[in-house]
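Since the structure is predicted, the reported quantities are computational estimates derived from the model, not experimental observations. Within every chain, numbering begins at 1; the chains are lettered A, B, ... in the order of the sequence lines, protein sequences first and strands thereafter. For the numbers below, each heavy atom of this structure counts, side chains included, while hydrogens, waters and symmetry mates do not.
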2 protein chains.
Amino acid sequence: MAEHDLVPQKLEQATRILDEVDIDLWLIVARESDVLGDPSMPLVVGTSVTWESAFLISRTGRHKAIVGTGDVDNLLQTGAWSDVEGYVEGLGSPLRAAVESLDPQSIGLSYSQDNSMADGLTYGMYLELQRFLGETPYWDRICSAEPVASRLRSRKSPDEIQRIKAAIATTQTIWDEFQAWIRPGVSERAISDFLHERLEHHGVDSSWDWAYCPTVMAGPKSPEGHVGPSDVVTERGHLLAVDFGVRQNDYTSDMQRTFYFLREDEQDPPRDVVDAFAVVDGAIQAGAEALRPGVQGWEVDAAARRILDEHGAEEWRFAFGHQMGRACHDGGTVLGPRWDRYGQRPYDKIEPSQVYTLEIGFPVEGRGRVQLEEDVVVTESGCEFLTTPQRALIPIR
Amino acid sequence: MAEHDLVPQKLEQATRILDEVDIDLWLIVARESDVLGDPSMPLVVGTSVTWESAFLISRTGRHKAIVGTGDVDNLLQTGAWSDVEGYVEGLGSPLRAAVESLDPQSIGLSYSQDNSMADGLTYGMYLELQRFLGETPYWDRICSAEPVASRLRSRKSPDEIQRIKAAIATTQTIWDEFQAWIRPGVSERAISDFLHERLEHHGVDSSWDWAYCPTVMAGPKSPEGHVGPSDVVTERGHLLAVDFGVRQNDYTSDMQRTFYFLREDEQDPPRDVVDAFAVVDGAIQAGAEALRPGVQGWEVDAAARRILDEHGAEEWRFAFGHQMGRACHDGGTVLGPRWDRYGQRPYDKIEPSQVYTLEIGFPVEGRGRVQLEEDVVVTESGCEFLTTPQRALIPIR
């Protein structure tokens, strides 16, 4: 039930943002939301609902929920919603009445082509809204609530930052346990099993899909991308990169660490992997230096990507960073190249209190991949690391 | 990874259903699907995806997935998808090319006003599809894939029925453990904690939202509906109804059981609660008798509801039954009254191999609620109970 604690403050924040972006009403609709619910619901509603429901979040602070009778007490229990109307037969009439009573000049709906976290309205529910409101003057006043949903999600409150820090601290504990355990001759599958067992031991969930969190990249033969663990085994003279994070108290972490398995005759990692690590580390640091309010996302990506280019490294085929919070990929502005797949998101400007990952890497011939990912929060003038960044390869004997 | 096992057979079933409903192509799109994904994806895709992705399920059996490069191996690992194309810059061009190559006369998209489980397309992704296909002749050929998604989901294969039976067996084990444990003087919260602990002990999840699964109704003062547990305490002379189910190996159960706390001087439950139980039991049995292929959903609801009416019991403000499977509320045809909130769903006809809950109850003055819920599968000529129905009040000393 910890999920409820932040709802009153995020609802207040939503009210302020509505004013800032000049939208009178944010209308969130949902049904069977534990299977498919608007990603904004955990932030501003704080519970799931079963029947067709409407949440009217008003610029004036006069909020109202309209839900099936069976969900009424459920909503009241959140402590964040006091004006809750239950219906038996249908959502249409009470919704029309509530909208007429508020008489908004603009109504933001949760859809967005670019930001999946602001795109919680299904097309069927859109058609339902059209059925309910199509004959009223209000249907001409609808617009995308993306600016509200995106800002609400990306501007982390101090309490949200605290939860992210706690998730990172648990992740670091697990990295330490992992470092003490990992040896040459261990399969990717066994590595995944170990980290899953640690998640259960610490009572936390995986940051993203359990099947490929962790993503394990052992040596040069490991498959790339978001992929479950293979039977490839760690070997001396090879690199191991692991992409991993936890979800704790509803907030996530997302980190990558790179290990090197020393050969019997090596005291330290050899020149090629040390040099590769220096490039990746340099790219992370260059990106962090470029990250500050007012800059566009693609500029940060370019600052990091340039370091790889300068050293002739293989192109990084992903964005350099994404927002992180309640979801591991928290939507909104992305620190990514101006590729079609990212839409408008690389052009958006960085704001204070946003949390980003910084991630990049490349393969080293015959060794595997060097890959790092750190988590940072944007300050008034730059950014601060929330993780303790990995600044050197971790040698494993 | 057990999630994958059923994907090949459900994909085959989807191909047959496309032919049955005369739709050439079912086009599923998704992004960040572990936060918000089409409910059909676990059935026919078998993994989550990060980047904008398209799954083309063709009536000819020629299926193709187009995903961000980082998701390619992930898709191949499912074993159900072999034609997987990765893209770096954007989904638009490869999607247009793939649609042109299949040249479908009709393209079903996942939207539905009535069935939330067939309504997985967000409005933002609908607009993205319009951007990709709007200039081609194919945009005029889109339609709702609801008949495909609904039939695919509701026609349970023998393997799916087995999984549901296994979930019910675990639930029955937990009911037995609960019956041995429950006593007068226990709070709803403690009851919820006990059942949550049992879920963890048996390594299964709650059937629906953990916060209100179980829904506990202790005595006459308990709040009604989908609601978390209160501080109300079980008392002698009161009823206790519990709505509870598990999710095991991706499939669910959903049951309600009613207990009576004997007073010190009572050998058996008193007349008023025994009579009330008989009415509820009679309604469940009447509904089960009415449930067979070809009948409309509302007719089954009416058969059960009539029994309550005849005994002057308070109106049941919910549907008598919903489909159950991968989701506890599995969408599609509902055994419910012809209320606007259920849309077309009560008018749909029952089909063999569908799994339904049968649930009904009412309050007894000064005692609490008598409430039952059983799970059944539709056969060629009627239905079979998957649960062992509760036919008498369970007395607690």
key: Contacting moiety of A/Glu128, where chain B heavy atoms sit under 4.5 Å   = both
ask   = Given that the side chain runs from C-beta out, which part of A/Ser116 has a heavy atom under 4.5 Å from chain B: side chain, backbone, both or neither?
value = both
key: Residue list, side chain to side chain contact (heavy atoms under 4.5 Å, CB included) with A/Ser93, at least two apart or on another chain   = A/Arg96
query = Is the A/His329 ring parallel, tilted or perpendicular to the A/His322 ring (thresholds 30°, 60°)?
reply = perpendicular
What residue, out of [options], has the most heavy-atom pairs lying under 4.5 Å from chain B?
options	answer
A/Asp38, A/Leu121, A/Leu109	A/Leu121
A/Leu76, A/Val35, A/Asp114	A/Val35
A/Met125, A/Arg131, A/Arg31	A/Arg31

ask   = Any idea which heavy atoms bring B/Met217 and B/Ser222 closest together, and the distance?
value = CA-OG, 3.4 Å
message = If you compare all heavy atoms of B/Ser192 against all heavy atoms of B/Pro229, which two are closest, and at what distance to 0.1 Å?
response = CB-CG, 3.6 Å
note = Tested for ring pair (Phe, Tyr, Trp, His ring centres under 6.0 Å) against B/Trp51, the lone hit among A/Trp339, A/Tyr342, A/Phe318 is A/Phe318
Under 4.5 Å from any heavy atom of chain A - which part of B/Glu52 = side chain
